Amino acid sequence: MSGEHKKGLNAELIETDLENCCRSEDLCSECQGIHCVIGYAKRCIEDFKKTPKKNVPSGVRNIPTMDFKVFDEVELETAIAHILKECKDCKEDHTENCIINVIRNCYEVGLLGDIQPYEGSTLQYLMYLKQNFSEKAGQIAGIYSSLS
């Protein structure tokens with residue numbers, strides 16, 4: 001399904017999270033744009049706002065997984081919790097190139113070092129994180145559960 005995202009998507013919240021995660025030119029000296037995980041996610045949400053489609057063409061494949069910048073962990077944990085709230089828990093209808101999945105994957109590269117498996121269920125994802133990244137999973141789950 002490449003139509004509009006079900007129930008909409010809070011693009012403004014995602015943009016705010018991306019801005020909070022961005023190291024800015026002050027710290028990076030020069031913006032790397034789509035060669036940075038946050039810059040790539042920014043481009044994805046900008047494109048989504050122009051044409052609200054569920055899927056990002058070649059989205060996951062184009063994530064710059066070799067971006068080894070150090071980002072603020074608290075900002076990334078918060079951003080992951082927010083993007084999980086945007087997730088529609090589509091389970092068997094989950095697609096890798098869904099805008100939400102692509103942006104979450106970008107956050108994962110920044111926080112966890114690589115893309116993590118996601119099978120369309122927030123609960124399963126949080127359980128997976130707890131097994132593999134217990135401290136960070138606890139932070140993300142705490143923020144997630146505090147959101148309305």
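A quick note: this is a predicted structure, and the numbers were derived from the prediction, not measured.
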| request: Report yes if the side chains of Y40 and D67 come closer than 4.5 Å at any heavy-atom pair, otherwise no. | output: no
| task | Run through the side-chain heavy atoms of Ile, Leu, Val, Met, Phe, Trp and Tyr, join any pair under 4.5 Å, and report what else lands in F68's cluster. | result | M66
| remark: Paired with I63, the side-chain contact (heavy atoms from CB on, under 4.5 Å) test is passed by just one of V56, V102, D114, namely V102
| From CA spacing to verdict: side chain to side chain contact (heavy atoms under 4.5 Å, CB included), E15, K49 | CA-CA 10 Å; E15 284 182 316; K49 285 178 71 174; 3.0 Å; yes
| said: Assess whether a salt bridge exists between E108 and R104, defined as any Lys/Arg side-chain N lying under 4.0 Å from an Asp/Glu carboxylate O. | reply: yes
| note | In terms of heavy-atom contacts, P117 and Y125 come closest through O-CD1, 3.6 Å
| said: I want to check something: taking the side chain as every heavy atom from C-beta on, are E75 and D17 in contact at a cut-off of under 4.5 Å? | reply: no
| Partners passing side chain to side chain contact (heavy atoms under 4.5 Å, CB included) against H94 (at least two apart in sequence or in another chain) | C90, E96, N101, Y118
| query | How long is the span from the NZ atom in K136 to the CD1 atom in I80, to the nearest 0.5 Å? | reply | 10.0 Å
| field | I34 side chain reached by P64 side chain, heavy atoms, under 4.5 Å | value | no
| said: In this structure, would V109 and Y128 fall into the same cluster of hydrophobic residues linked by side-chain contacts under 4.5 Å? | reply: yes
| message | For L147 versus A81, what's the shortest heavy-atom pair and its separation? | response | CD1-O, 3.9 Å
| Are the side chain of S145 and the backbone of G142 linked by a donor-acceptor contact shorter than 3.5 Å? | yes
| Say you draw a straight line from NE2 of H82 to OG1 of T16; how long is it, rounded to the nearest 0.5 Å? | 9.5 Å
| query | Do L112 and F71 sit in the same hydrophobic cluster, where Ile, Leu, Val, Met, Phe, Trp and Tyr count as joined when their side-chain heavy atoms come under 4.5 Å apart? | reply | yes
| message | Please check this pair: side chain of D72 against backbone of V74, looking for a donor-acceptor N/O pair closer than 3.5 Å. | response | yes
| query | With a cut-off of 6.0 Å (strictly less than), are more than 12 heavy atoms of other residues, nucleotides or ligands near CZ of R43? | reply | no
| request: Apply the test side chain to side chain contact (heavy atoms under 4.5 Å, CB included) to residues C22 and K42: give CA-CA distance (whole Å), side-chain angles for both, the deciding distance (0.1 Å), then the verdict. | output: CA-CA 10 Å; C22 182; K42 283 181 176 181; 3.4 Å; yes
| message | Are there over 12 heavy-atom neighbours, none belonging to E46, within less than 6.0 Å of that residue's CD? | response | yes
| message | Other residues, nucleotides and ligands only: do more than 12 of their heavy atoms fall within 6.0 Å of NZ on K130? | response | no
| said: Under 3.5 Å, is there a donor on one side chain and an acceptor on the other for T78 and N20? | reply: no
| note | dist E73:CD -> E135:CD (nearest 0.5 Å) comes out at 8.0 Å
| query | Once you round to the nearest 0.5 Å, how far does OG of S121 lie from CG of L126? | reply | 8.5 Å
| field | ILVMFWY cluster, I115 and I14 together (side-chain gap under 4.5 Å) | value | yes
| task | Identify the two heavy atoms, one from N97 and one from S58, that lie closest to each other, and give their separation to 0.1 Å. | result | OD1-C, 4.0 Å
| Approximate separation, where rounding is to 0.5 Å, of L129 CG and Q131 CD | 9.5 Å
| Quick one: does K69's side chain get under 4.5 Å of Q32's, heavy atoms only? | yes
| query | Would you call I140 and L84 a side-chain contact if the rule is heavy atoms closer than 4.5 Å? | reply | yes
| said: Let me confirm one number: the CD1-CG distance from I99 to D47, rounded to the nearest 0.5 Å. | reply: 8.0 Å
| Heavy-atom side-chain proximity of T122 to Y144 below 4.5 angstrom | yes
